[in-house]
Chemist: 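Below: one structure in structure tokens.
Each chain gets a letter, A, B and so on, in the order the sequences are listed, and its residues count up from 1. No hydrogens, no waters, no symmetry mates; every other heavy atom, side chains included, goes into these values.
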Amino acid sequence: MIRFYNTLSGQKEEFIPLEPGQVKMYTCGPTVYDYAHIGNFRAYVFEDLLKRFLLAMGFKVTHVMNITDVDDKTIRGAKAKNLSLEEYTKIYTEAFFEDIDTLKILRADYYPRATHHIPDMVKMIKGLMAKGYAYEKDGSIYFDVSKFPNYGQLAKIKISELKTGVRIDADEYSKDSVQDFALWKKRKEGEPYWETELGPGRPGWHIECSVMSTKYLGETFDIHCGGVDNIFPHHENEIAQSEAYTGKKFVNYWLHCHHLIVEGEKMSKSKGNFYTLRDLTSRGVDPLDLRYLLLATHYRKMLNFTFDGLRQAGAARRRLYDFIYELYHRTFPPGETPEIKTLVKEAKNKFLAALSDDLNISQALTALFELVKKGNIFLAQGQVKRGDRQILDQALQDLDKVLAVLPALEEEQLPQEILKKIEERQKARAARNYALADKIRDELRAQGILLEDTKEGVRWKRIKPTSS
RNA sequence: GGCGCGGUACCCAAGUGGCUAAGGGAGAGGUCUGCAAAACCUCGAUUCGCCGGUUCGAAUCCGGCCCGCGCCUCCA
């Protein structure tokens with residue numbers, strides 16, 4: 001049984017998709033006004049884990065992620081750089097796709113852009129007006145929250161208890177009630193606008209998600225994800241709009257991931273602890289170490305990003321890599337050991353059972369590391385046969401289809417000069433000139449090549465160059 | 001004020017009524033090695049923020065308190 005914590009009910013619920021074997025999920029995507037930061041990626045990596053887990057469980061997953069390419073920030077950014085909105089958002093949209101590839105995040109099936117769905121939004125807004133849920137004021141159109149009795153169901157907020165007054169009309173639009181939100185913003189001088197039946201203007205933020213999710217997934221769909229900060233008002237408003245419009249339940253399961261903080265503090269540009277993926281990779285951080293770090297803390301728990309944590313993530317990944325390395329660089333006798341088949345089966349079962357319980361990643365990783373530990377013991381005892389090697393390797397690859405944290409085990413050719421050095425060292429060792437041998441080993445290590453002498457000869461691994 | 005999350009070993013982090021409190025990192029000792037590295041073995045919380053209570057039995061349930069954090073109108 002698969003169970004997820006549903007923000008709507010505030011508890012874990014059995015997951016039953018609308019259509020057996022099929023999952024339709026929508027995840028809130030980037031506003032393409034800047035490079036995405038590691039907090040954004042925490043959400044995307046969590047969603048990727050969720051999706052990969054569902055795929056591993058045999059579901060067909062239809063995944064939609066929006067690209068918000070028109071809002072205050074994109075407009076402001078484009079203006080500052082003297083670019084058209086389209087030119088400006090293109091830069092960050094492309095960067096976004098590069099980044100998710102770097103982090104091995106699977107592509108969604110659809111990436112609808114807000115600016116490509118204006119007519120759909122107009123249609124929904126008109127429908128809401130016709131049903132009396134929306135009203136026009138000064139050329140802008142607002143959703144009337146008082147007309148939707150269930151407003152606040154997701155965020156557990158009562159309208160009457162909302163703290164009021166601080167940022168009323170910060171954007172200079174007028175509306176009947178503070179909690180009402182804009183569906184359509186009238187044209188402002190110097191800003192992009194669309195000429196529509198609603199008058200010249202641009203869409204509010206929330207409407208795009210209601211329109212694009214239901215367009216690609218249906219009026220009711222299974223899963224909607226985002227960061228906790230989206231619960232209110234964004235997702236609350238999406239529910240109000242969508243359900244007011246269709247008269248049907250919008251989403252069955254709402255999954256929200258918690259925020260990330262950096263070295264114990266909220267990440268912010270002013271504190272200087274704000275990191276994009278590019279900031280980290282340019283410092284030499286392995287993106288998959290970051291992926292592991294983001295993945296390894298349960299999604300509903302606040303994650304404290306630290307550079308020490310990144311190092312620990314790297315060490316954990318290294319342990320996995322070393323195990324696979326052994327599988328590929330030893331010679332094994334023919335045959336198989338039945339215990340290994342059992343071991344692998346139990347590990348897989350435990351792994352998926354753990355993730356089935358609201359994505360309990362810690363226990364899933366425990367299953368993985370127990371497999372490696374016991375596998376290493378069999379390896380040390382010389383009990384791994386050719387058939388077992390295959391089974392162990394396949395198991396690791398299967399689990400990594402969900403985690404996607406293992407480095408590729410490509411057979412990389414070392415440059416000729418390094419191969420020569422290794423050979424030179426082997427000669428020195430044979431001649432018992434260990435001083436020279438160690439000197440060469442240190443040199444190569446500084447270049448990121450780690451040498452290990454085993455019974456089956458010398459072998460090398462790529463490591464981060466030591467800065468000594 | 002409202003809603004919510006968390007405090008488990010040196011660090012990260014599972015476990016929510018009962019076998020020895022997972023796993024990873026770091027550390028100590030040992031095996032292997034020319035020395036290393038990797039791997040393996042051994043060790044490491046009589047204890048789960050604090051104080052009460054319920055129970056045969058609690059890190060886990062109840063009450064109170066302390067501490068840290070997030071959100072409360074466009075920030076994942």
Chemist: Considering every strand and a 4.0 Å limit on heavy-atom distances, what is the contact class for A:Thr454: base, sugar-phosphate, or nothing?
Modeler: nothing
Chemist: If only atom types and distance count, is the side chain of A:His298 paired as donor or acceptor with the main-chain N or O of A:Lys301 below 3.5 Å?
Modeler: no
Chemist: Could you tell me how far B:rU8 sits from B:rC56 if I compare only their P atoms? Round to whole Å.
Modeler: 31 Å
Chemist: Under a cut-off of 3.5 Å for both distances of each Watson-Crick or G-U pair, what dot-bracket string does RNA chain B give, using [ ] for crossing pairs and | for inter-strand pairs?
Modeler: ((((((((.[[[..)..(....]]].(((((.......))))).....[[[[[..)....]]]]])))))))....
Chemist: Students often get this wrong, so: under 4.0 angstrom with heavy atoms, is A:Asn304 touching a base, only sugar-phosphate, or nothing?
Modeler: nothing
Chemist: Could you check whether A:Lys186 pairs with A:Asp138 (Lys NZ or Arg NE/NH1/NH2 to Asp/Glu carboxylate O, under 4.0 Å)?
Modeler: no
Chemist: Counting only side-chain nitrogens and oxygens, does A:Lys185 get under 4.0 Å of the OP1 or OP2 atom of B:rC74?
Modeler: no
Chemist: Please check if the distance between the ring centroids of A:Tyr135 and A:Tyr133 is under 6.0 Å.
Modeler: no
Chemist: Check this for me, if you would: do A:Glu98 and A:Arg278 make a salt bridge, where the nitrogen-to-carboxylate-oxygen distance has to be below 4.0 angstrom?
Modeler: yes
Chemist: What does A:Arg425 touch in the nucleic acid at a heavy-atom separation under 4.0 angstrom: a base, only the sugar-phosphate, or nothing?
Modeler: base
Chemist: Does A:Arg311 pair with A:Asp289 as a salt bridge, N-O distance under 4.0 Å?
Modeler: no
Chemist: Is there a donor N/O on one and an acceptor N/O on the other, under 3.5 Å, for the side chain of A:Asp438 and the base of B:rG34?
Modeler: yes
Chemist: Using heavy atoms and a sub-4.0 Å distance, could you list which residues of residues 37-48 of chain A are near RNA chain B? By number, please.
Modeler: A:His37, A:Gly39, A:Asn40
Chemist: Contact class for A:Ile231 vs. all strands (heavy atom < 4.0 Å): base, sugar-phosphate, or nothing?
Modeler: nothing
Chemist: Taking the six-membered ring for Trp, are A:Phe4 and A:Tyr253 ring centroids under 6.0 Å apart?
Modeler: no
Chemist: In terms of the nearest nucleotide of RNA chain B, which residue is placed more toward the 5' end: A:Trp205 or A:Arg459?
Modeler: A:Arg459
Chemist: Please check this pair: side chain of A:Asp322 against backbone of A:Arg319, looking for a donor-acceptor N/O pair closer than 3.5 Å.
Modeler: no
Chemist: Remember a base hit wins even if backbone is also touched, and classify A:His234 as base, sugar-phosphate or nothing at under 4.0 Å, heavy atoms.
Modeler: nothing
Chemist: At less than 3.5 Å, do the side-chain atoms of A:Asp453 and the base atoms of B:rC35 form a donor-acceptor pair?
Modeler: yes
Chemist: Using OP1 and OP2 only, check whether a side-chain N or O of A:Asn376 sits under 4.0 Å from B:rA39.
Modeler: no
Chemist: Under 4.0 Å, heavy atoms only, any strand: does A:Ile261 hit a base, just the sugar-phosphate, or nothing?
Modeler: nothing
Chemist: Between A:Phe97 and A:Tyr111, does the ring centroid distance fall short of 6.0 Å?
Modeler: yes
Chemist: With rounding to whole Å, what would you report as the distance between B:rC19 and B:rC5 at their C1' atoms?
Modeler: 32 Å
Chemist: Determine the Euclidean distance between corresponding P atoms of B:rG24 and B:rU42; express it in Å to zero decimal places.
Modeler: 13 Å
Chemist: Do A:Lys51 and A:Asp48 meet the salt-bridge criterion of a basic N to acidic O distance under 4.0 Å?
Modeler: no
Chemist: Does B:rU73 have OP1 or OP2 under 4.0 Å away from a side-chain N or O of A:Asn237?
Modeler: no
Chemist: With sugar-phosphate meaning primed atoms plus P, OP1 and OP2, does A:Ala36 contact a base, only sugar-phosphate, or nothing at under 4.0 Å between heavy atoms?
Modeler: nothing
Chemist: Would you kindly give the CD-to-P distance between A:Gln11 and B:rG4, to the nearest whole Å?
Modeler: 13 Å
Chemist: What integer number of Å spans the C1' atoms of B:rC50 and B:rA37?
Modeler: 46 Å
Chemist: Between A:Gly264 and A:Lys374, just flag the one whose closest nucleotide in RNA chain B comes earlier from the 5' side.
Modeler: A:Lys374
Chemist: Which heavy-atom pair separates A:Leu280 from A:Ile38 by the least distance, and what is that distance?
Modeler: CD1-CG2, 3.6 Å
Chemist: Whole angstroms only, please: what is the CD-P distance between A:Glu452 and B:rA37?
Modeler: 10 Å
Chemist: Could you check whether the side chain of A:Arg429 and the base of B:rG34 have a donor-acceptor pair of N or O atoms closer than 3.5 Å, going by distance alone?
Modeler: yes
Chemist: To the closest 0.5 Å, what do you measure between NZ (A:Lys12) and CE (A:Met1)?
Modeler: 10.0 Å
Chemist: Mind listing the N/O atom pairs, protein and nucleotides 21-24 of chain B, below 3.5 Å?
Modeler:
{"unit_1": "B:rA22", "atom_1": "N3", "unit_2": "A:Thr366", "atom_2": "OG1", "d": "2.6"}
{"unit_1": "B:rG23", "atom_1": "O4'", "unit_2": "A:Thr366", "atom_2": "OG1", "d": "3.2"}
{"unit_1": "B:rG24", "atom_1": "N2", "unit_2": "A:Gln312", "atom_2": "OE1", "d": "2.5"}

Chemist: Look at the side chain of A:Arg441 against the base of B:rA37 and say whether a donor-acceptor pair falls under 3.5 Å; ignore hydrogens and angles.
Modeler: no
Chemist: Between the main-chain N or O of A:Cys257 and the side-chain N or O of A:Arg300, is there a donor-acceptor pair closer than 3.5 Å?
Modeler: no
Chemist: Tell me whether the OP1 or OP2 atom of B:rC75 has a side-chain N or O from A:Lys73 closer than 4.0 Å.
Modeler: yes
Chemist: Is the A:Tyr92 to A:Tyr33 ring centre distance short of 6.0 Å?
Modeler: no
